[in-house]
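What follows is a set of notes on a single structure, which appears directly below.
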Amino acid sequence: MTDTDYQSDTLRDITPEPSEVRRVVVLISGSGSNLQALIDEQTHDRLGGEIVAVISNEPEAYGLQRARDAGIDAVVLPHREYESRDAYDGALIKVIERHEPDLIVLAGFMRILTPRFVQRYFGRMLNIHPSLLPAYQGLNTHARALADGVAEHGCSVHFVTEELDGGPVVVQAEVAVAADETEESLKAKVHAREHLIYPIAVKWFLEGRLKLEAEGATFDGMPLPPHGLRMSHADAAEELDEE
Ligand code: GRF
């Protein structure tokens with residue numbers, strides 16, 4: 001008897017539990033320290049899925065080596081070889097699709113994405129940004145925060161929409177800006193917080209707890225506040241053993 005011969009109404013009524021591993025593609029352009037944080041969680045079986053490929057537009061990105069060291073497919077797709085943004089994003093979609101991802105994670109991918117690309121992965125693409133969004137969208141966030149003399153800075157994980165750094169925020173972590181803070185010290189503190197919250201957000205998504213719905217981001221079916229869930233400076237500092 002073959003599988004197809006076998007008939008059972010009872011069995012056909014059963015909806016099997018999704019047993020497939022959820023697949024993640026990470027896009028990078030540089031050092032990939034956030035990628036490393038995700039790899040570390042995966043190594044300990046805590047990511048809720050598997051990073052199946054890392055793609056970089058920069059051939060020299062150190063994150064590619066991190067991927068190779070972890071046995072993850074590392075793909076270089078240099079943007080300079082394409083004549084337009086649209087041509088590049090089209091090629092990128094093709095490469096990504098080969099890996100059949102459930103989630104796209106932008107981890108320092110220094111490219112402005114075309115609307116076509118964003119729409120393709122709408123609701124299943126996350127980014128991390130080094131500020132407490134909506135403050136300091138764009139570049140040089142630490143220098144701008146210091147120049148403004150803010151007491152509080154941080155980082156945000158958000159869904160990607162067509163508005164640059166403007167999609168619904170999922171989770172943020174705060175850092176208190178010290179009196180003697182430099183751009184470098186602030187960057188290091190924010191980075192450490194990024195490595196805390198990004199794996200958590202990715203896991204929530206892969207577990208189906210985090211969604212992008214018509215009214216915005218939801219967690220366990222409840223709408224998230226505009227700034228998402230917040231990790232305070234004190235909680236993050238304790239977690240990171242900061243002084
Ligand atoms: C991080 O600061 C992230 O917030 C921004 O790009 C940087 C990437 O750093 N989007 P890394 O390559 O993960 O070390």
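The shown structure was predicted, so the numbers you read here are calculated from the model rather than taken from an experiment.
- Residues R111 and L92 are not in side-chain contact: their nearest non-hydrogen atoms beyond the backbone lie 4.5 Å or more apart.
- The two residues F205 and L210 come nearest to each other via the heavy atoms CD1-O, 3.6 Å.
- A side-chain donor from one of R66 and S31 sits under 3.5 Å from a side-chain acceptor of the other.
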Would you give me the side-chain donor-acceptor pairs under 3.5 Å for residues 215-229, sequence neighbours excluded?
unit_1, atom_1, unit_2, atom_2, d
T218, OG1, E213, OE2, 3.0
D220, OD1, R209, NE, 2.9
D220, OD2, R209, NE, 3.4
D220, OD2, R209, NH2, 2.6

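- Residues that satisfy the salt bridge (charged side-chain N to carboxylate O under 4.0 Å, His left out) test with D165, not counting sequence neighbours, are absent from this structure.
- Transitive grouping of hydrophobic side chains (ILVMFWY, heavy atoms separated by less than 4.5 Å) brings V118 and V95 into a common cluster.
- Side-chain atoms of V24 and E50, non-hydrogen and from C-beta on, never get closer than 4.5 Å to each other.
- At least one donor-acceptor pair closer than 3.5 Å links the side chain of R85 to the backbone N or O of I112.
- Checking side-chain atoms of S56 against main-chain N and O of L64 turns up no donor-acceptor pair under 3.5 Å.
- Hydrophobic clustering, with ILVMFWY side chains joined whenever heavy atoms are under 4.5 angstrom apart, groups W204 together with L212.
- S156 and Q172 form a side-chain donor-acceptor contact under 3.5 Å, judged by distance and modelled atom types alone.
- Under the 4.5 Å side-chain heavy-atom criterion for grouping Ile, Leu, Val, Met, Phe, Trp and Tyr, V26 is connected to L126 within one hydrophobic cluster.
- Judged by distance alone, the side chain of T43 and the main-chain N or O of I39 form a donor-acceptor pair under 3.5 Å.
- R23 contributes no side-chain N or O that, together with a main-chain N or O of I51, makes up a donor-acceptor pair within less than 3.5 Å.
- The shortest distance between side-chain heavy atoms of V105 and V25 does not fall below 4.5 Å.
- The nearest pair of heavy atoms linking G138 to H129 is O-CE1, 3.1 Å.
- Listed for the D89 side chain is a donor-acceptor partner under 3.5 Å among the backbone atoms of T114.
- Identified under the ring pair (Phe, Tyr, Trp, His ring centres under 6.0 Å) test for residues 147-174, with sequence neighbours left out: H142-H153.
- Residue C155 holds its SG atom at 9.5 Å from CG of L133, rounded to the nearest 0.5 Å.
- No salt bridge links K187 with E194; every basic N to acidic carboxylate O contact stays at or beyond 4.0 Å.
- Side-chain contact between Y136 and D148 is present, with at least one heavy-atom pair separated by less than 4.5 Å.
- Taking CG of L240 as the start and CG of D235 as the end, the distance is 10.5 Å to the nearest 0.5 Å.
- No chain of hydrophobic side-chain contacts below 4.5 Å, direct or via other Ile, Leu, Val, Met, Phe, Trp or Tyr residues, connects I197 to V190.
- L206 and I128 fall within the same hydrophobic cluster, defined by Ile, Leu, Val, Met, Phe, Trp and Tyr side-chain heavy atoms under 4.5 Å apart, directly or through other members.
- Although no hydrogens or angles enter the test, the distance criterion places no donor-acceptor pair under 3.5 Å between the side chain of Q36 and the main chain of S33.
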> Given the rule in the side-chain contact (heavy atoms from CB on, under 4.5 Å) test, do L103 and R22 qualify, once you have shown the distances and angles that lead to the verdict?
Replying inline: CA-CA 8 Å; L103 175 67; R22 313 278 282 157; over 6 Å; no

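- Heavy atoms only, all atoms of each residue included: A176 and E181 are closest at O-OE1, 3.8 Å.
- Between E174 and R193, every side-chain heavy-atom pair lies at or beyond the 4.5 Å cut-off.
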> Please walk me through it: do N34 and H195 pass side-chain contact (heavy atoms from CB on, under 4.5 Å)?
Replying inline: CA-CA 6 Å; N34 279 285; H195 304 158; 3.4 Å; yes

Sequence neighbours left out, cut at 3.5 Å: what donor-acceptor pairs do the side chains of residues 67-78 make with other protein atoms?
unit_1, atom_1, unit_2, atom_2, d
R68, NH1, Q65, OE1, 3.4
D69, OD1, Q65, NE2, 2.9

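- Two residues are said to be in side-chain contact when any heavy atoms from C-beta on lie closer than 4.5 Å; V169 and V157 fail this criterion.
- Checked by atom type and distance alone, the side chain of R144 pairs as donor or acceptor with a backbone atom of Q137 at under 3.5 Å.
- Between R116 and D86 there is a salt bridge, since a side-chain N of the basic residue sits under 4.0 Å from a carboxylate O of the acidic one.
- Taken from CD in E152 to OG in S232, the straight-line distance is 9.5 Å, to the nearest 0.5 Å.
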> Passes side-chain contact (heavy atoms from CB on, under 4.5 Å), I28 versus E58? Steps please.
Replying inline: CA-CA 8 Å; I28 61 162; E58 293 287 357; over 6 Å; no

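- Using a 4.0 Å cut-off between a side-chain N of Lys or Arg and a carboxylate O of Asp or Glu, E242 and K189 do not qualify as a salt bridge.
- Considering every non-hydrogen atom in both V170 and A201, the closest pair reads CG1-CB, 4.3 Å.
- Closest heavy-atom contact between I93 and F117: CG1-CD1, 3.6 Å.
- Looking at residues two or more places apart in sequence or on another chain, you find a ring pair (Phe, Tyr, Trp, His ring centres under 6.0 Å) between Y88 and Y82.
- What you find for S29 and N57 is that their closest heavy atoms are OG-OD1, 2.6 Å.
- Scanning for side chain to side chain contact (heavy atoms under 4.5 Å, CB included) contacts around L106 gives L27, I104, F109, L113, M125, N127, V160, with sequence neighbours left out.
- In this structure, K203 pairs ionically with E207, as a charged nitrogen and a carboxylate oxygen lie closer than 4.0 Å.
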